[in-house]
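Below is one structure, written out as C-alpha cells, with a few remarks after it.
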Amino acid sequence: RVAARTKRAVTFFCHSLHSIRQMKVTARFVRAATRASVANRGQRRMYSAEKLKRTPLYDLHVQRGAKMTGFAGWDMPLQYEDGILQSHLHCREKASLFDVSHMGQIRIDGKNRVQFLEKLVTADLAGLGKDAATYSLFTNSNGGIIDDTIIANRGDWIYVVVNAGCFDKDKAHIDAAVGKEKDVKVTYINDRALLAIQGPTAASVVQKLVPSGVDLSKIKFMTGAELTVAGIQGCWVQRSGYTGEDGFEISVPAAQSTKLAEAMLADSNVKLCGLGARDSLRLEAGLCLYGHDINDTTTPKSANLVWAVPKARRERGGFLGDNVILNEINKGVETASRRIGLAIEGAPAREHAAVHDPATGRKIGEVTSGTFSPCLKKAVAMAYVETPFSKIDTDVHVEVRGKMNKAKVVKMPFVAQRYHK
C-alpha cells in the first residue's frame, strides 16, 4: 500500500510538473503576443486620424468574436476567442482560415506586360509557365527591396499580390514606370477578396468544395487554377501561403467572399486565425515580414534572398539596382550584414534588441523579429548581424530587458515547411 501511495504521489508530481512547464510555455508566448498587441494598438492610434478600411469579411470577424486592430490602414482581426497560442497550434495541426483581403491585388495586361514588369522585379517572368507563380522582389536603383511580392502567370495577363503596408508606394512606383510603356495596362483590383486556408487538412477541406472532376493534388506548390469553389465561379485557387504549411490562397469576388469563408468554416477542422498567430507562424517558417526583416536598404544578398533572383536574371539583369545586386551575387562582393536565424535561451527578444559579440561585448547586430515558438517551446528570432558572425552555430548574446541571453545562429526555417511539391 505504501508503494502504491508513493507511485501515485510520484505520478501526481510528474503531471503537476508537466502542467507547470506548459503554463510557463503558455505564459511566455502570451507575454510575447501581448507585446505585439500593444504595438498594434499603438499602430491603431497612428491610423486613428483616418478611418480604417474594412475588408469584405469585417462583419464575419466581429460576429465570430475577433479582437480587431489597426494594421496598415485596415481594421483587421488580431486574434479570436481561443487566443493566439491555440490559433497558432491549430494551424500546425489542422487548418486555419486567414483574411488577407487587405493585400493589394493587381492585374497587368498588354503585349509588353512581361518586359515591363521584369524591369521592376527580379523574377524570370519570361520563363514562368502558365498558371505558375513565383516569389519575387521589387527593387530600387540602390539594390534595396521596395516590397516582396507573389506574381502569377495567368496566361494572357499577370497577377501580382503586394503587401498592404506597401501598396501606396508600390502603386506610385508602378504608375511612374507604366507611363513610359506602350501596350501595357495596369488595373488595381478592388472588387475581389483574398482568403488563405493553411494547414495539414487544408487541401481536404477545399477538395470537398470543388467540382467532383477536380483533383487538387495535381495543383502543386506555387501553381494555381481558376475554379468554382463552394458554387462560386471565377475563383483563382493558388497553392501558396505564408505559414510554412500546405494550403491555398483564393482570390474570390468580394460579394461572394463571406459565402466562401462560411463554407470552409463549416468544416470542423477549420478555425479563423488572426494577425497575431499569422506573425508567429511565418516567423517559425523563416519568412520575412516587410518593414521588419527587409526594407528599401536591404539587398537580396544581405537578406539571404539570393534565391529570389533566378539564374536567368543573374545573367541578363535588366531590373532596377541590378548593378549592385549582381555585383554582390555574381562577383562575390560581400555585404556588411546578413539576415540570420537565432535560437535564444530564456525570454524572447523583441524587435530592435541588440545582438552582441560574447568575446568583446560589442554590438554586432539587431533583432528584426522575435517570438516564443509554440512548436519548439523556445525563443527564436531573425536578426541582422555583421557578416563574419552570420555562420551557422556561431554563439552570440542577445540583450533582453537588460540581460545578456545566450543565443546561437541556426538554420531557417525554425519549423520545417510542409509545402505540396
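Residues passing the salt bridge (Lys or Arg N to Asp or Glu O under 4.0 Å) test with Lys406: none are found, sequence neighbours excluded. For Glu226, the salt bridge (Lys or Arg N to Asp or Glu O under 4.0 Å) partners are Arg154, not counting sequence neighbours. Scanning for ring-ring contact (aromatic ring centres under 6.0 Å, His included) contacts around Tyr135 gives Trp307, with sequence neighbours left out. Every residue meeting the salt bridge (Lys or Arg N to Asp or Glu O under 4.0 Å) condition with Glu181, not counting sequence neighbours, appears here in chain and number order: Lys119. Every residue meeting the salt bridge (Lys or Arg N to Asp or Glu O under 4.0 Å) condition with Lys208, not counting sequence neighbours, appears here in chain and number order: Asp267.
Among residue pairs with one or both ends in residues 120-132, those qualifying as salt bridge (charged side-chain N to carboxylate O under 4.0 Å, His left out) are Asp124-Arg316; sequence neighbours excluded. Within the structure, the ring pair (Phe, Tyr, Trp, His ring centres under 6.0 Å) test picks out no pair touching residues 313-355 (sequence neighbours left out). Applying the ring pair (Phe, Tyr, Trp, His ring centres under 6.0 Å) test to every pair with at least one member in residues 164-201, sequence neighbours left out, gives these pairs: Phe167-Tyr188. Among residues at least two apart or in separate chains, salt bridge (charged side-chain N to carboxylate O under 4.0 Å, His left out) pairs with a member in residues 227-248 are Arg92-Glu245, Arg239-Asp246, Glu245-Arg418. Within the structure, every pair that satisfies the salt bridge (charged side-chain N to carboxylate O under 4.0 Å, His left out) test and touches residues 161-177, not counting sequence neighbours, is listed here: Lys171-Asp175.
Leu97 places a side-chain heavy atom less than 4.5 Å from the side chain of Leu272. Residues Met76 and Leu52 have side chains not in contact (no heavy-atom distance under 4.5 Å, counting atoms from C-beta outward).
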Just distance, no hydrogens or angles: give the donor-acceptor pairs under 3.5 Å from side chains in residues 196-204, sequence neighbours left out.
| from | atom 1 | to | atom 2 | distance (Å) |
| --- | --- | --- | --- | --- |
| Gln198 | OE1 | Thr243 | OG1 | 2.9 |
| Gln198 | NE2 | Ser240 | O | 3.0 |
| Thr201 | OG1 | Lys94 | O | 3.2 |
| Ser204 | OG | Thr201 | O | 2.8 |

Pair up each side-chain donor or acceptor in residues 109-116 with any protein partner under 3.5 Å, not counting sequence neighbours, and list the distances.
| from | atom 1 | to | atom 2 | distance (Å) |
| --- | --- | --- | --- | --- |
| Asp109 | OD1 | Arg107 | NE | 3.2 |
| Asp109 | OD1 | Arg107 | NH2 | 3.2 |
| Asp109 | OD2 | Arg107 | NE | 2.8 |
| Asn112 | ND2 | Lys182 | O | 3.1 |
| Arg113 | NH1 | Gly110 | O | 2.9 |
| Arg113 | NH2 | Gly155 | O | 3.0 |

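Between Arg339 and Asn304, the closest heavy-atom pair is O-ND2, 2.6 Å. Between Tyr290 and Ile145, the shortest heavy-atom distance links the atoms OH-O, 2.6 Å.
Remark: the Asp82 side chain and the His90 side chain contain no N/O donor-acceptor pair separated by less than 3.5 Å. Using modelled atom types, one finds no donor on one side chain facing an acceptor on the other under 3.5 Å when comparing Arg313 with Thr122. Side-chain polar atoms of Ser217 and Asp215 form a donor-acceptor pair below 3.5 angstrom.
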